[in-house]
Structure formats: structure tokens, C-alpha cells
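First the structure, in the form of C-alpha cells, and then the observations on it.
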Amino acid sequence: MTPSTTSMVHPLEALWSRLRLWRCAEVGRAPSVVGRVWVHGSGSVRLGHRIRVEGGLAPVELHAGPGAELVIGDDVVIGAGSTIEALRSVTIGDRCRLGGFTRIMDNHFHSVRGDRRERPASLPVVVEEDASIGWRAILLPGARVARGAVVASGGIVRASPLAIGAGAGAPAAGTRGG
Amino acid sequence: MAEPELTLFQHVRTRPLETVTRLLALLRARLMLRSCLRGRRVYAFGRVLVENHGTIRLGDRSYFVAGLLPAELRCGPGATLEVGEDSGLGQGVSIEVHGAVRIGRRTMLASLVRICDRGRDGVVPVTIGDDVWLAHGVIVEPGVSIGDGSVVSAGSVVTRDVPAGHLAAGNPARSVRLSLAVPAPRGGPAGPPAGGVLRGAF
């Protein structure tokens with residue numbers, strides 16, 4: 001499918017959506033927000049042109065922590081109930097489609113070993129152009145989704161396939177090049 | 001690392017915003033968790049939907065994390081849900097109890113975790129130990145017990161018991177031993193994520 005460069009969004013709807021996204025550092029042309037969206041954090045959230053946020057079924061959360069960058073490209077669709085959390089850097093390429101209840105985070109927030117209250121280092125998450133993320137998929141810190149790849153619904157993508165994680169939504173099996 | 005205790009006055013002076021957030025969370029807990037047996041200083045930073053026909057016991061300083069989706073606690077007639085001290089429940093957590101569910105102390109349940117004790121084999125109790133961390137989207141099947149200090153990876157479905165000090169991942173979850181088993185004992189309770197200093201003030 002060739003993505004359209006012209007927008008179907010009514011100018012008034014685009015204006016209203018832009019107001020809803022007032023916390024974002026940058027919003028491209030003709031955004032479309034349905035339902036609720038929560039943009040928070042002191043970092044910068046930058047959205048491309050013709051972005052579509054589908055927060056009708058469940059609200060969408062975009063979070064950029066202090067000094068963090070959350071960059072979303074053009075023509076991206078973000079499904080209901082999705083949460084994207086950047087404490088350092090999350091980049092989503094042009095024409096990506098995120099399904100509902102997708103969770104993308106670049107930090108585990110708690111240490112597996114030792115004191116659970118300690119926050120580990122962030123690993124940037126990159127989703128390249130034309131990728132498609134299925135419903136309820138989880139992208140863990142350091143995840144990289146290749147150009148045109150498809151992450152299956154409920155799939156889990158992590159930095160490197162750990163031996164123990166073979167059954168965890170199968171990172172490799174869940175993706176295929178497009 | 002134990003942080004020094006602050007008096008309420010010091011707390012208000014140094015962190016006025018956090019003081020207000022915490023006071024609101026305490027009030028929200030009183031309102032939304034009014035049908036539960038609450039310990040001291042139970043916080044509800046986010047919304048909680050409670051349908052209680054049994055007994056829900058929430059330990060001291062247990063907390064509900066703020067988020068867009070409300071947490072849900074459902075307790076059937078004669079059922080018991082116990083949440084230990086200093087445990088935290090994330091946004092969108094759903095716990096359905098028909099027999100008994102026990103959650104230990106200092107346990108962390110991330111967002112969209114689902115625990116239910118009724119399934120194919122009827123009602124079988126679920127037990128979650130101390131210092132357990134269930135990551136985002138974990139589903140715990142009926143009859144499962146998770147040992148102290150274990151971690152369950154994001155999106156996993158736990159169908160079998162997880163021994164203490166293990167890391168479980170996958171669907172169905174398989175466990176491996178963590179090289180550092182149960183976390184070292186700490187100076188004090190973990191407390192809500194907003195900050196550790198609250199014992200003296202609240």
C-alpha cells in the first residue's frame with residue numbers, strides 16, 4: 001500500500017488534535033487524535049506529519065523522562081491503550097503501525113538483581129520505517145525492529161535473544177522482513 | 001540506602017508537591033478502598049475499582065500506582081485477598097479472587113498484570129511470595145505459587161510454580177535460577193515509587 005501524502009483529516013479536527021497534543025515539543029501537519037491521550041514528562045516528544053492516535057478504547061500514553069527524546073515519524077498510527085515510555089531515546093520510523101495495548105519502553109525501571117528500587121541504565125529503542133507492531137506486543141529496552149518487519153501480536157522484542165527467552169513470544173520468530 | 005526520616009513539617013517545606021500528591025493518595029485510598037481492611041498509610045495514586053464480597057487485606061504502606069487505566073480488585077463471597085506490606089500494584093492490574101490469593105511483602109506488580117484463582121480445575125489458591133516482581137502484562141494462572149525474590153518477565157503466562165530466586169519468562173513460562181537469588185535485606189520498606197522518605201511524615 002502506498003501511503004498517501006495528503007491528509008483526510010478535517011482542518012478543525014487537526015486543530016483540536018493539535019491542542020490535545022500541546023505538551024509535545026513538536027507536532028507535524030494534520031494530526032488526528034481520537035479519545036484520550038496523555039503526554040507527560042519533561043523530555044521532548046516530537047511527532048511527525050499526519051500522525052494518528054487512537055485513544056478511544058483505552059487512553060494512549062506518551063512519556064519522555066527528563067532529557068529524553070521520543071521521536072515518532074510521519075504517518076504513524078498508535079493503537080488504543082499503547083504506552084511509549086522514553087527515559088533516554090525511543091525512535092519510531094515513518095509509516096509504522098502500532099497495534100492496541102502495545103508497550104514500548106527503553107528502561108526496565110527496576111533492577112533484576114540487588115535493590116529493586118535502583119533504576120538500571122536505559123537502552124535506546126529503534127523501530128525502523130514501515131514496521132508493524134501487533135496487538136499487545138512489548139518492546140523491551142534495546143529492542144530494534146528492522147525496516148518493514150512485523151512483530152506478531154503478543155510478541156516480545158528484547159535487546160538480544162537470551163537463552164532463557166526462547167518461548168517469550170519468540171523475538172526472532174515473531175518478526176519477518178518485508 | 002536508608003534515607004533520613006522527615007517530620008511532616010520538613011516534608012511540606014522541602015517537597016510541597018509530593019506532600020499534596022501523597023495526601024490525595026491517602027484520601028483516595030480511604031474512599032476507593034473503603035470496603036477493604038487497610039493497614040496504615042495505604043496509598044492509591046491511581047484509580048482503583050473494588051468489588052468486595054469477601055475479605056481484602058491491604059498491608060501497611062501498600063500502594064496503587066497512578067496511570068490511565070484503573071486497577072481492579074474483585075473478591076467473591078468468602079474469598080480472601082491478602083496484599084503484604086510495601087507492595088505496589090500498577091495501573092490496569094486485575095485481581096479476581098474466588099478462594100484465596102496471597103501476595104507477599106515488597107512485591108511489585110507492573111501494569112496490566114492479571115491474577116485469577118479460578119480456572120479449568122475450579123478454584124485453586126494463588127500464592128505470590130515476598131520481593132517478587134511481576135513485569136508488564138504477566139498473567140498468573142490458578143494454583144500457581146511464585147517463590148520469594150523471583151522475577152517474571154514481561155508478557156509471560158505463568159502456568160507452573162516458580163521456585164524462589166528464579167527468573168521466569170515465556171508462554172508458558174519457564175524458569176531459570178537467577179545468579180543472585182533473593183535480594184539482600186534492605187534498610188527499610190521500599191515505599192511508593194515517588195520517593196522513599198515517608199515514614200516520619202505520613
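Heavy-atom neighbours of A/Trp38 CH2 from other residues, nucleotides or ligands within 6.0 Å: above the threshold of 12. The number of heavy atoms from other shown groups lying within 6.0 Å of CZ (B/Arg114) is above 12.
Nearest heavy-atom pair, A/Arg158 versus B/Ala169, reported as atom, atom and distance to 0.1 Å: NH2-CB, 4.4 Å. Between A/Glu61 and B/Leu68, the closest heavy-atom pair is CB-CD1, 3.6 Å. Residues B/Val151 and A/Arg116 share a closest heavy-atom pair of CG2-NH2, 3.3 Å.
Contact count versus chain B (heavy atoms, under 4.5 Å) is highest, among A/Ala137, A/Pro59, A/Ser111, A/Gly81, for A/Pro59.
Taking the side-chain contact (heavy atoms from CB on, under 4.5 Å) definition, one finds that A/Glu13 meets it with A/Val9, A/His10, A/Ser17, A/Ser32, sequence neighbours left out.
For A/Arg136, no part lies under 4.5 angstrom from a heavy atom of chain B. With a 4.5 angstrom heavy-atom cutoff, B/Leu69 touches chain A only via side-chain atoms.
To the nearest 0.5 angstrom, B/Leu112 atom CG is 7.5 Å from A/Thr83 atom OG1. Here A/His110 contributes atom NE2 and B/Met108 contributes atom CE; the two are 4.0 Å apart, rounded to the nearest 0.5 Å.
The backbone N or O of B/His136 lies less than 3.5 Å from no partner atom in the side chain of A/Arg103, so there is not a single donor-acceptor pair.
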